[in-house]
*Asks:* 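Here's a structure for you.
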Amino acid sequence: MATCNKKELLIGVVMLGVALGYLLMTLQLPGHSGIDAAFVPTLLSAMLCLLGALQLFSAFTSVPANVAPSDSESDAAPAERSDVATVIKTLTLIVGYVALLNPVGFPIMTAVYLYLQFVVLTPLDTRCNHLLYALIAVVTSALIYLLFREAFDLMLPSGLLPF
Amino acid sequence: MLDLLQQGFGAVFSLNILLLMAIGVAVGIVFGAVPGLSATMAVALCLPLTFTMGPQAGLSLLVSLFIGATSGGLISAILLKIPGTPSSIATVFDGGPLMEQGHGVKALGVGIVFSFLGTLFSIAALMLIAPQLAKIALRFGPHEYFAIAVFSLTLIATLSAGSMVKGLFAGALGFAVSTVGIAPVEAVRRFTFGVAELNGGFAMLTVMIGMFAVAEIIRVAETGRRAQQGKAKSVSMKNIKGFGFSLKEFREQLPNAGRSGLIGLGIGILPGIGAGTSNLVAYIIAKKRAKDPESYGKGNIGGVVASETANNAGIGGAMLPLMTLGIPGDTVTAILLGGFLIHGIQPGPLLFISQGPLVYTIFAALIVATFMMLFMEFYGLRLFIKLLDVPKHILLPIILVLCVVGAFGLSSRLFDVWSILLFGLLGFAFVKAGMPAAPFIIGFILGPMAETNLRRGLMLSDGNFLAFLANPIAATFLGLALAFVLWQVYSALRPQKSSINEILRT
């Protein structure tokens with residue numbers, strides 16, 4: 001219960017933070033007289049702030065009273081241990097993939113990305129079959145590249161490859 | 001109407017469109033069946049493939065995917081006891097026990113046949129209602145559209161599963177994200193920070209691909225390495241006559257199916273909520289109305305019938321507001337909206353006048369895809385079961401690559417690829433915070449509609465807001481929206497929770 005409330009509190013803080021950020025940006029918009037381009041964003045930031053505050057308030061009020069469960073629907077979450085390392089590795093891979101897509105090209109980067117991502121995501125109880133992974137990665141990459149280039153006229157960045 | 005429908009069938013019955021649709025239904029069933037992949041993802045990923053097709057072929061493919069994926073969820077719901085998509089959660093309740101008792105084929109047969117009937121029922125309703133509704137909607141001006149958008153926005157945010165505050169926040173945030181770019185009417189740049197790519201705002205598809213596909217991949221990265229992948233049990237198809245259940249059982253389930261079909265259709269029409277909610281509602285009501293409610297949850301085919309009829313009846317329901325008003329009924333139709341726009345077609349009442357043949361081609365495609373689904377899903381079952389065994393750590397990276405291709409294909413710029421990554425992270429944060437993603441999407445789509453029509457309406461009435469209330473249709477919808485919010489606040493203040501919310505939370 002305590003961790004759950006802390007989580008709800010944190011969610012509230014993030015919600016309010018996002019709302020205030022949007023409010024700040026809205027205040028810099030030109031206008032603010034009657035109904036103009038700034039009207040809807042102003043309305044929205046007020047609403048976001050209010051909802052963020054409500055979330056914080058409900059998280060706070062449910063701390064001492066253990067009677068009613070708070071509004072969270074993710075009580076089952078602690079059962080699954082989250083694997084932060086894999087998430088960070090995956091995100092790094094995706095960012096690297098997108099960043100190098102243009103200079104290195106789609107075919108090479110896709111094959112490399114797929115292979116590495118397969119390895120990163122392989123379940124702990126399964127052995128990495130590197131040869132198979134490499135084969136799937138290369139074939140998939142070539143297939144997608146050729147399919148989109150030839151059949152759907154979508155010019156994916158070819159990068160270093162001459163074709 | 002009949003000759004238009006005939007034309008529609010004529011267009012669909014060409015070799016390449018039929019082939020495309022068969023592929024669409026099969027791919028859809030796979031996306032529905034594999035837990036973690038959804039109908040929304042299937043349509044979003046295949047949309048780039050349709051860029052170079054004509055609108056008839058492209059939209060036929062997309063609706064085939066929609067039908068296949070909505071129904072495919074029942075395969076894993078029954079065989080793995082894991083719902084393949086949120087729309088078959090209630091199928092697990094009885095389909096799972098039936099499988100354990102050795103009635104797997106019967107459960108699958110019932111599920112598939114009633115999926116089929118539910119879809120046909122909703123398409124029939126769509127074909128009857130849509131042209132009439134479009135006639136009425138033709139007279140709608142900015143006042144009415146503003147009111148309908150506001151009504152839809154309040155509906156989705158409050159009806160979404162879980163906490164109402166979070167649902168409303170998600171909806172408002174989606175609306176806020178949609179304000180990025182050049183503002184309607186006086187073309188002020190908002191929140192672009194001088195980045196030229198942001199002038200047009202975020203593309204709808206990048207938001208959807210990010211929130212639904214990329215977020216799912218990050219989520220699997222978090223839990224997938226420790227989770228064990230369920231092994232799909234196979235079922236023996238020997239000595240099976242027809243679809244594995246008797247005519248008597250079929251007749252007994254008809255009232256249940258009719259009721260569930262109506263529930264699915266009604267909930268499907270409401271913007272923002274669709275099959276994910278209606279299958280649970282139909283299940284609860286079927287259980288309440290049954291002669292033997294205690295046998296539900298222990299392997300009563302009535303549970304499978306209710307869930308599968310309702311979720312598939314949502315297809316026609318969700319298409320209705322999309323085709324007549326340009327308002328998507330759920331997240332899949334939100335992508336279909338993008339599909340229409342990419343082919344230069346603006347869904348709405350004018351569609352029935354300017355693109356009559358296309359409308360009926362879509363109807364015909366829906367019907368043909370439904371029949372394809374019935375036979376492919378039952379007789380190709382073994383193949384789909386095999387595909388359930390494809391490991392997630394192989395499948396999801398490939399899907400990410402397809403997401404990247406799809407985003408890049410929108411306008412051949414890497415900006416859109418970065419956008420899907422951004423929205424993927426946002427979607428992951430939503431999952432972590434227990435915040436529903438559907439209100440965000442609907443807020444993102446309906447927000448600009450509400451704002452643009454508000455500004456236009458005010459210009460028409462010289463800045464007088466009372467014109468919105470003087471218009472009977474607009475006033476009705478605004479009144480309904482207000483009543484709905486008040487009712488929600490009232491019921492939120494009362495301690496007891498409704499049984500639907502209770503079940504949605506679990």
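So that the names make sense, note that chain A is the first sequence line, chain B the second, and so on, each numbered from 1.
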*Asks:* Which bit of A:L124 comes within less than 4.5 Å of chain B, counting heavy atoms only: side chain, backbone, both or neither?
*Replies:*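 Contact with chain B: backbone and side chain both.
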
*Asks:* Sort B:I398 into side chain, backbone, both or neither according to what part of it lies under 4.5 angstrom from a heavy atom of chain A.
*Replies:*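 For B:I398, heavy atoms of backbone and side chain both lie under 4.5 Å from chain A.
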
*Asks:* Nearest 0.5 Å, what's the OG1-CD1 distance between A:T122 and B:I394?
*Replies:* 6.5 Å

*Asks:* Which distance, rounded to the nearest 0.5 Å, do you find between the CG of B:L168 and the CG of A:L54?
*Replies:*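 So the CG of B:L168 and the CG of A:L54 are separated by 9.0 Å.
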
*Asks:* Yes or no on side chain to side chain contact (heavy atoms under 4.5 Å, CB included) for A:V40 and B:F175, after CA distance, side-chain angles and deciding distance?
*Replies:* CA-CA 9 Å; A:V40 168; B:F175 196 162; 3.6 Å; yes

*Asks:* Please flag which part of B:L454 lies under 4.5 Å from any non-hydrogen atom of chain A: side chain, backbone, both or neither.
*Replies:*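 Only the side chain of B:L454 comes within 4.5 Å of chain A.
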
*Asks:* Taking the side chain as C-beta and beyond, is there a heavy-atom pair between A:M25 and B:F193 under 4.5 Å?
*Replies:* yes

*Asks:* Once you round to the nearest 0.5 Å, how far does OH of A:Y22 lie from OG1 of B:T179?
*Replies:*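 Reported value, rounded in 0.5 Å steps: 2.5 Å.
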
*Asks:* Using non-hydrogen atoms only, which part of B:A183 is less than 4.5 Å away from chain A: side chain, backbone, both, or neither?
*Replies:*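 It is the side chain, since no backbone atom gets that close.
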
*Asks:* How about A:L131: does its CG atom have over 12 heavy atoms from other parts shown lying under 6.0 Å from it?
*Replies:*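 No - once you tally the heavy atoms of other residues, nucleotides and ligands closer than 6.0 Å, there are 12 at most.
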
*Asks:* What's the shortest heavy-atom distance between A:F148 and B:P48, and which atoms?
*Replies:*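 Taking A:F148 first and B:P48 second, the nearest heavy atoms are CE2-CB, 4.4 Å.
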
*Asks:* Measure the acute angle between the ring planes of A:Y133 and B:H393, then classify it against the limits of 30° and 60° as parallel, tilted or perpendicular.
*Replies:*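 It falls in the perpendicular class, over 60°.
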
*Asks:* Does any heavy atom of chain B fall under 4.5 Å from the side chain of A:I88, the backbone, both, or neither of them?
*Replies:*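 For A:I88, no heavy atom lies under 4.5 Å from chain B.
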
*Asks:* Taking side chain as everything from C-beta outward and backbone as N, CA, C, O, which of these in A:M47 sits under 4.5 Å from a heavy atom of chain B? Side chain, backbone, both or neither.
*Replies:*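 Side chain only.
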
*Asks:* If you measure from CG on A:L121 to NZ on B:K392, what distance do you get to the nearest 0.5 Å?
*Replies:*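 If we round to the nearest 0.5 Å, A:L121:CG and B:K392:NZ are 11.0 Å apart.
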
*Asks:* Just by modelled atom types, is the B:K432 backbone N or O under 3.5 Å from a matching donor or acceptor in the A:K7 side chain?
*Replies:*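 Indeed, once roles are kept as given, a pair shorter than 3.5 Å links the two residues.
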
*Asks:* Below 4.5 Å, heavy-atom pairs only: which of A:I11, A:V87, A:L44, A:I144 has the largest tally toward chain B?
*Replies:* A:L44

*Asks:* For the residue pair A:Y113 and B:V404, establish whether any side-chain heavy-atom pair is separated by less than 4.5 Å.
*Replies:*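 No. Closest side-chain heavy atoms not under 4.5 Å.
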
*Asks:* Using non-hydrogen atoms and a 4.5 Å limit, figure out which bit of B:I218 sits close to chain A: side chain, backbone, both or neither.
*Replies:*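 When you check distances to chain A, atoms from both the backbone and side chain of B:I218 fall under 4.5 Å.
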
*Asks:* Heavy-atom distance under 4.5 Å to chain B: side chain of A:V95, backbone, both or neither?
*Replies:*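 For A:V95, heavy atoms of backbone and side chain both lie under 4.5 Å from chain B.
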
*Asks:* Please round to the nearest 0.5 Å and tell me the distance separating atom CG of A:L51 and atom NZ of B:K166.
*Replies:*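 That separation rounds to 12.5 Å.
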
*Asks:* Could you look at B:R455 and say if it's the side chain, the backbone, both or neither that has a heavy atom under 4.5 Å from chain A?
*Replies:* side chain

*Asks:* Do B:V405 and A:Y145 come close enough that some side-chain heavy atom pair is under 4.5 Å?
*Replies:*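 Not touching, per the 4.5 Å side-chain cut-off.
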
*Asks:* Under 4.5 Å from any heavy atom of chain B, what part of A:F118 do you find: side chain, backbone, both or neither?
*Replies:*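 A:F118 touches chain B through backbone and side-chain heavy atoms alike.
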
*Asks:* As a quick check of understanding, evaluate side chain to side chain contact (heavy atoms under 4.5 Å, CB included) for A:L29 and B:F191, giving each step before the final call.
*Replies:* CA-CA 8 Å; A:L29 286 176; B:F191 316 117; 3.9 Å; yes

*Asks:* Does anything in residues 134-143 of chain A get under 4.5 Å of chain B by heavy atoms, and if so which residues?
*Replies:*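 When heavy atoms of chain B are the reference, residues 134-143 of chain A contributes A:I136, A:T140 within the under-4.5 Å range.
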
*Asks:* Spell out the residues in residues 415-423 of chain B that have some non-hydrogen atom less than 4.5 Å away from a non-hydrogen atom of chain A, in order of number; otherwise answer 'none'.
*Replies:*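 So far as heavy atoms go, B:V417, B:W418, B:L421 are the residues that approach chain A to under 4.5 Å.
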
*Asks:* Among A:I94, A:L101, A:T90, A:L50, which has the most heavy-atom pairs under 4.5 Å with chain B?
*Replies:*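 Winner by heavy-atom pair count: A:I94.
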
*Asks:* Tell me, out of A:V120, A:V18, A:L147, who's got the most heavy-atom pairs with chain B below 4.5 Å.
*Replies:* A:V120

*Asks:* Could you have a look at B:P184, B:A429, B:G409 and say which one has the most heavy-atom pairs with chain A under 4.5 angstrom?
*Replies:* B:G409

*Asks:* Measure the CG-OG1 distance between B:L402 and A:T110 for me, rounded to the nearest 0.5 Å.
*Replies:* 10.0 Å

*Asks:* Taking every heavy-atom pair that is under 4.5 Å apart, which of A:P157, A:A85, A:S45 has the most such pairs with chain B?
*Replies:*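 With the most close heavy-atom pairs to chain B, the winner is A:P157.
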
